[in-house]
Amino acid sequence: MKFQGCITALVTPFAPDGAVNFQKLGELLEFQIAGGADAVLVLGTTGEAATTSREEDDAVCRFAVERVAGRVPVIAGSGSNSTRTMLEKSLRYQRLGADGLLLVAPYYNKTNARGMYLHFAAVADAVEIPCLLYNVPGRTGCAIPEEVVAELAAHPNIAGIKEASGDLGYASRIARHLGEGFALYAGNDDTALPMMALGASGIISVAANLIPGQIHQLAARCLAGDMAGGRALQLRYLELIRQLFSEVNPIPVKEAMNLMGMEVGGCRLPLAPMEEGHRAALRAAMEEVGLL
């Protein structure tokens with residue numbers, strides 16, 4: 001399965017008591033599908049997978065697969081800094097019906113190039129669904145070396161890479177390894193257009209939690225060769241995107257969703273409520289594009 005277009009990095013909604021709000025999760029999934037999202041990613045960075053339990057992770061994956069019911073692909077973030085844990089999670093999510101997996105580089109302990117390759121290959125060799133690498137050195141403290149990307153691009157079960165470093169030079173270099181079986185995905189909303197110009201197949205988007213249709217259109221126009229149309233959308237929502245990352249993701253996007261009446265709850269500690277000055281700037285950006 002080839003993923004393309006707008007892939008929404010979905011938030012995990014929480015009830016007032018802190019539990020996962022599955023009724024709200026169902027509403028969010030329906031909002032995404034109705035809005036034009038081409039796929040959804042659960043249990044990623046935006047989904048606060050760092051603070052959810054194994055039981056919650058399995059329940060969220062199962063619920064998303066059953067609720068979406070094949071209408072769009074469901075990708076599950078199964079990454080861990082422990083290769084064994086990542087493998088166990090990946091096999092569970094495959095059994096639960098996920099259409100693909102997002103595998104993050106090993107954080108905190110980090111590794112050398114050979115260890116990085118073996119970390120990803122351990123999962124790709126064991127599962128039968130497509131795997132996406134996840135390069136986000138701002139979170140992990142290490143980048144996936146280009147030579148490792150090149151080696152993994154040849155693996156039949158490594159389908160692409162989510163590139164979220166913000167380094168367009170790095171993105172340009174790994175774009176040389178794109179092919180029929182290996183795709184590039186923009187991992188930051190603010191670099192969606194240049195990443196699409198480099199050959200990205202889609203955008204794994206935080207902003208799509210608010211505007212799935214517009215992110216879908218941005219990707220679709222670029223994929224159709226209408227870079228001017230894509231540029232217009234990128235620039236229209238650039239300030240909103242900037243404010244969505246004024247604090248650690250997903251603090252601002254959950255605040256924005258709550259301002260829109262979506263009632264997704266807050267974030268789990270150590271993520272704290274948004275500072276008032278940032279909240280005011282976010283509200284202004286939302287008003288500017290007609291979301292409030």
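What you are looking at is a predicted structure, and each value in this text was computed from that prediction instead of being measured. Starting from 1, each residue takes its place in the sequence as its number.
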Side-chain (N157) to main-chain (V127) donor-acceptor, under 3.5 angstrom: yes
- line: Quick note, salt bridge (Lys or Arg N to Asp or Glu O under 4.0 Å) partners involving residues 254-269, not counting sequence neighbours, are E48-K254, E56-R268, E255-R279
field: Check against side chain to side chain contact (heavy atoms under 4.5 Å, CB included), M227 and L193
entry: CA-CA 8 Å; M227 300 307 292; L193 181 71; 3.7 Å; yes
- prompt: Counting distance only, does the side-chain N/O of T12 pair as donor-acceptor with the main-chain N or O of G47 below 3.5 Å?
  reply: yes
query: Do L25 and L41 belong to the same hydrophobic cluster, where Ile, Leu, Val, Met, Phe, Trp and Tyr are linked whenever their side-chain heavy atoms lie under 4.5 Å apart, directly or via other members?
result: no
task: Can you sort out the partners of R95 under salt bridge (Lys or Arg N to Asp or Glu O under 4.0 Å), two or more places apart, ordered by chain and number?
output: none
- prompt: Hey, are the side chains of Y185 and S201 touching, using non-hydrogen atoms and a 4.5 Å cut-off?
  reply: yes
- prompt: Can you name the closest pair of heavy atoms from A113 and P145 and give their distance?
  reply: CB-CG, 4.3 Å
- prompt: With no hydrogens and no angle check, is any side-chain donor or acceptor of Q234 less than 3.5 Å from a backbone partner on A192?
  reply: yes
message: What I'd like to find out is whether the side chain of L101 reaches to under 4.5 Å of the side chain of Q94, using heavy atoms alone.
response: no
message: Under a 3.5 Å distance rule, please check whether N209 uses its side chain to pair with a backbone N or O of A9 as donor and acceptor.
response: yes
statement: Those residues at least two apart in sequence (or on a different chain) that pass salt bridge (Lys or Arg N to Asp or Glu O under 4.0 Å) with R283 are none
message: Suppose we screen for side-chain contact (heavy atoms from CB on, under 4.5 Å). Which residues come up paired with A207, at least two apart in sequence or across chains?
response: D189, S205, I211, I215, I241, L244
- request: Determine which pairs satisfy ring pair (Phe, Tyr, Trp, His ring centres under 6.0 Å) with at least one residue from residues 186-227, sequence neighbours left out, and list them in order.
  value: none
query: Do Q243 and M286 have side-chain heavy atoms sitting under 4.5 Å apart?
result: no
task: To the nearest 0.5 Å, tell me how far L28 CG sits from T8 OG1.
output: 10.5 Å
query: Hey, what do you get for CD (E239) to CD (E288), rounding to the nearest 0.5 Å?
result: 6.5 Å
task: State, yes or no, whether a side-chain contact exists between T45 and R139 at a heavy-atom distance under 4.5 Å.
output: yes
- prompt: In the single-linkage hydrophobic clustering (I, L, V, M, F, W, Y; side-chain heavy atoms under 4.5 Å), do F182 and V148 co-cluster?
  reply: yes
message: I'd like to know if the side chain of D17 and the backbone of A19 have a donor-acceptor N/O pair within less than 3.5 Å.
response: yes
statement: All heavy atoms of Q32 vs all of A208, minimum pair found to be NE2-O, 3.0 Å
- prompt: Going by heavy atoms in the side chains, are L291 and L240 under 4.5 Å from each other?
  reply: yes
- request: Give every residue pair that meets the ring pair (Phe, Tyr, Trp, His ring centres under 6.0 Å) criterion with at least one member in residues 26-73, sequence neighbours excluded.
  value: F22-F63
message: With no hydrogens and no angle check, just 3.5 Å: does a side-chain donor-acceptor pair link H155 and D125?
response: yes
- line: Heavy-atom nearest pair, H119 first then A105, reads NE2-C, 4.4 Å
message: Could you check whether any side-chain heavy atom of S246 comes within less than 4.5 Å of a side-chain heavy atom of M274, counting everything from C-beta outward?
response: yes
statement: Nearest heavy-atom approach of L102 to I75 is N-CG2, 4.0 Å
Sequence neighbours excluded - salt bridge (Lys or Arg N to Asp or Glu O under 4.0 Å) pairs with any residue from residues 27-47: K24-E27, E30-R67, E30-R71
field: salt bridge (Lys or Arg N to Asp or Glu O under 4.0 Å) involving E128 - partner list, sequence neighbours excluded
entry: none
- prompt: Which atom pair, heavy atoms only, marks the closest approach of L103 to F120?
  reply: O-CE2, 3.2 Å
- prompt: What residues form a salt bridge (Lys or Arg N to Asp or Glu O under 4.0 Å) with R62, not counting sequence neighbours?
  reply: none
- prompt: Does N135 reach the main-chain N or O of I144 with its side chain, forming a donor-acceptor pair under 3.5 Å?
  reply: yes
message: Same cluster or not: V104 versus I204, using hydrophobic residues (I, L, V, M, F, W, Y) connected whenever any side-chain heavy atoms lie under 4.5 Å apart?
response: yes
query: Under the ring pair (Phe, Tyr, Trp, His ring centres under 6.0 Å) rule, what pairs show up with a residue in residues 268-292, not counting sequence neighbours?
result: none
task: Among residues two or more places apart or on two chains, list those pairs meeting salt bridge (Lys or Arg N to Asp or Glu O under 4.0 Å) that have a residue in residues 109-123.
output: R114-E151
- request: Can you see which heavy atom on S78 is nearest to which on S90, and at what distance?
  value: OG-OG, 2.8 Å
- prompt: Do the non-hydrogen side-chain atoms of K162 and L132 ever get within less than 4.5 Å of each other?
  reply: no
- prompt: Is the closest side-chain heavy-atom distance between C267 and T51 below 4.5 Å?
  reply: no
field: Pairs involving residues 221-235, ordered by first then second residue, that meet salt bridge (Lys or Arg N to Asp or Glu O under 4.0 Å) (sequence neighbours left out)
entry: none
query: Is it true that a side-chain atom of D167 and a backbone atom of Y170 form a donor plus acceptor pair closer than 3.5 Å?
result: yes
